Colleague: 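Before we start, here is the structure in question, set down as structure tokens.
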Amino acid sequence: MEHTSISTSPHQASAHVLLLPLPLQGHVAPFMKLGHQLVRHGSKVTFLTTESIRSQIEKVDEEEEHMRIISVPDGLALEDDHKDDNRLVQSFLHVIPGHLENLIRKSNEDELIGIGQITCLIVDVVLSRDPIEIAEKMGLKHAIFFPSAPGVLALILHIPKLIEAGIIDADDGTVEKNENIQLSPNLPAMDSADLIWKRPGNKSNFNQKDVFQYLLLVNQILKVPNWVLCNWFDELDPSANALLPNIISVGPLPAHDGKSTGNFRSGDLTCLPWLDGQSPGSVIYVAFGSTSKFSQQQFHELAFGLELIGKPFLWAVRSDFIDGISIEYPDGFQDRVKNLGKIVNWAPQEKVLAHPSIACYMTHCGWNSTMESINMGIPMLCWPYFGDQFWNKSCVCYGWKVGLEINPDEDRMVTRHEIKRKVDELLSDEGIKANALKLKELAHNNAYEGGSSKNFRDFVAQLML
Ligand SMILES: O=c1ccn([C@@H]2O[C@H](COP(=O)(O)OP(=O)(O)O[C@H]3O[C@H](CO)[C@@H](O)[C@H](O)[C@H]3O)[C@@H](O)[C@H]2O)c(=O)[nH]1
């Protein structure tokens, strides 16, 4: 679909939006898409992130005429581990209010040449408490952008009730009474084992209490009446608006000129000609986002599984994908699969999912990847790792019925035979394929003409008042 620029009427002053995402890949990328959409709708955008992320973001994000990226220190000392997401987020939460106030004041005083006065702040949910107070104090419009599914936000809002009902512990969210939580009549109940703070991921830097405490903070922030933008479209759950009255669905956020934006790594483009050489609907795409990690043993089992399936595969293997050690494939694996598979460090994912050779996507169910897959009509094999991914998996498999799940019980290894069985089952399920194509159509309608794109135009018009 062609991307046209949407002009504003000449008497409308353009809004200048400051975007402030959490300094993590799964947040920076959708905020960048939001930024490009705002520019297409006639706004100016300043994108605020850390110095280290700014240096990693692909050049494509700086080419936009009305978008500029500004960076501030993340607050960590040189000798600190900047890859420790937990410490990074804690530190950024601490330092960002000071930087933000300074930046808005300078933009008001026109000290930052060429930036011009900032008129609106759109901030990531988890960061939002202090920045929203600052925006209010300095007379800026403000909105929250939530880069996951609204059901997740509804659950967060529901936390006090769960504590009151004795279902979870108030300190770290440990489940005290096993009950399914039905937030929406249209989507599956949330299993208490899958509550988003319950599985911080094997050996990840996050722990359950930290995640739960962030979410409690988010809960307090969301009492502030506001616009809450979500990368989502209404047909995914028509009752989401009732769960969250101030939600505005603006998804799926389209890729900017078909390119992935806000990526910390460059996508390996050599996989595209390789995909061109494969038959339509034949390739299994395997990628687990930016944070999931496998044990060495599980990684080997997945490699054996792909070999056993015997179909072409494209596998994105980040250098930090295995817990604590460098990547080691099973003996002779790369040789044996050289005519079958292509392995890259980081795939140009949106281009890959849009390629006609892709048959299915083995995914961790990060929200961005889930929406990208829905947008391309690709059936998913869900292998969640932590947080919201378990809820996303339930929606994919049991709500929209566009995928199947691999259940990664933390104490159990998923075997090569199970992987093969699930992939075979997915590829032969015509119902799932048809559902995925229906959802794709709805997604495209929302992105380019229907509900979400109208919501976006209305939102931007309000920013310009
Ligand atoms: O080889 C790859 C792998 C990923 N991506 C992109 O990276 C992004 C990954 O985002 P997501 O699928 O959301 O996964 P995470 O990076 O793991 O995202 C974190 O943030 C998300 C948004 O809050 C949550 O839904 C996830 O659970 C959380 O892990 C997507 O845009 C992908 O297109 C690539 O371009 N190439």
Side-chain angles (χ1 to χ4, degrees), residues 21-34 53 56-58 60-61 85-86 89 124-127 144-153 155-156 194 196-197 199-201 204-206 211 214-215 218 229-232 251-256 258-272 285-293 314-321 342-354 358 361-376 378 380 382-393 395-396:
L22 214 56
L24 301 173
Q25 175 67 82
H27 296 244
V28 168
F31 260 81
M32 194 49 89
K33 280 186 175 173
L34 182 70
I53 289 177
Q56 294 172 75
I57 293 177
E58 286 178 339
V60 60
D61 293 314
D85 290 343
N86 196 16
V89 169
D124 209 314
V125 163
V126 179
L127 280 176
I144 281 171
F145 177 51
F146 187 64
S148 186
V152 174
L153 205 48
L155 174 70
I156 296 168
D194 288 351
I196 53 175
W197 52 89
R199 307 217 210 185
S204 81
N205 291 322
F206 291 102
V211 175
Y214 286 149
L215 298 177
V218 170
L229 306 176
C230 274
N231 187 12
W232 168 267
L253 288 167
H256 172 56
K259 298 173 204 152
S260 291
T261 55
N263 268 304
F264 298 179
R265 300 167 167 89
S266 295
D268 182 340
L269 298 175
T270 62
C271 64
L272 297 174
Y285 173 52
V286 185
F288 298 93
S290 62
T291 55
S292 297
K293 287 185 196 286
L314 172 62
W315 188 7
V317 184
R318 299 183 331 262
S319 51
D320 60 354
F321 186 54
K342 170 97 180 152
I343 299 174
V344 295
N345 179 275
W346 190 254
Q349 181 160 300
E350 294 197 79
K351 281 191 160 58
V352 167
L353 289 170
I358 298 297
Y361 173 22
M362 192 185 293
T363 174
H364 67 311
C365 296
W367 185 246
N368 298 296
S369 296
T370 304
M371 278 303 273
E372 288 160 11
S373 199
I374 285 176
N375 202 20
M376 298 304 165
I378 304 295
M380 285 170 256
C382 301
W383 191 334
Y385 172 71
F386 88 119
D388 62 335
Q389 297 160 12
F390 289 90
W391 165 244
N392 302 342
K393 171 260 312 180
C395 295
V396 165

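Order of appearance sets the numbers: ligands from 1, and atoms from 1 within every ligand. Small disclaimer: the values here were computed from a predicted structure and weren't measured.
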Colleague: According to side chain to side chain contact (heavy atoms under 4.5 Å, CB included), who are the partners of T270, at least two apart in sequence or on a separate chain?
Modeller: D268, K342

Colleague: Kindly indicate whether the side chain of R318, heavy atoms from C-beta on, has any atom under 4.5 Å from the side chain of W346.
Modeller: yes

Colleague: Working note: S148 + D388, criterion side chain to side chain donor-acceptor pair (under 3.5 Å); need CA distance, chi angles, decisive distance, verdict.
Modeller: CA-CA 8 Å; S148 186; D388 62 335; 2.7 Å; yes

Colleague: Hey, are the side chains of H364 and F386 touching, using non-hydrogen atoms and a 4.5 Å cut-off?
Modeller: no

Colleague: Specify the closest pair of heavy atoms between L22 and L127, including all atoms of both residues, with the distance to one decimal.
Modeller: CD1-CG, 3.5 Å

Colleague: If you compare all heavy atoms of W367 against all heavy atoms of P147, which two are closest, and at what distance to 0.1 Å?
Modeller: CD1-O, 3.1 Å

Colleague: Dump all N/O pairs between ligand 1 and the protein below 3.5 Å as a table: atom names plus distance, one pair per row.
Modeller:
residue  : atom   : partner : partner atom : Å
ligand 1 : 1 (O)  : A347    : N            : 2.8
ligand 1 : 10 (O) : N368    : ND2          : 3.4
ligand 1 : 12 (O) : S369    : N            : 2.9
ligand 1 : 12 (O) : S369    : OG           : 2.5
ligand 1 : 13 (O) : W367    : N            : 3.4
ligand 1 : 13 (O) : N368    : N            : 3.1
ligand 1 : 13 (O) : N368    : ND2          : 2.7
ligand 1 : 14 (O) : H364    : NE2          : 2.9
ligand 1 : 16 (O) : S290    : N            : 3.2
ligand 1 : 16 (O) : S290    : OG           : 2.4
ligand 1 : 17 (O) : T291    : OG1          : 3.4
ligand 1 : 17 (O) : H364    : NE2          : 3.2
ligand 1 : 23 (O) : H27     : NE2          : 3.4
ligand 1 : 25 (O) : W367    : N            : 2.8
ligand 1 : 25 (O) : D388    : OD1          : 3.4
ligand 1 : 25 (O) : D388    : OD2          : 2.5
ligand 1 : 27 (O) : D388    : OD1          : 2.5
ligand 1 : 27 (O) : Q389    : NE2          : 2.9
ligand 1 : 29 (O) : T291    : OG1          : 3.3
ligand 1 : 29 (O) : Q389    : NE2          : 3.1
ligand 1 : 31 (O) : E372    : OE2          : 2.7
ligand 1 : 33 (O) : Q349    : NE2          : 3.3
ligand 1 : 33 (O) : E372    : OE1          : 2.6
ligand 1 : 33 (O) : E372    : OE2          : 3.2
ligand 1 : 35 (O) : W346    : NE1          : 3.4
ligand 1 : 35 (O) : A347    : O            : 3.2
ligand 1 : 36 (N) : W346    : NE1          : 3.4
ligand 1 : 36 (N) : A347    : O            : 2.7

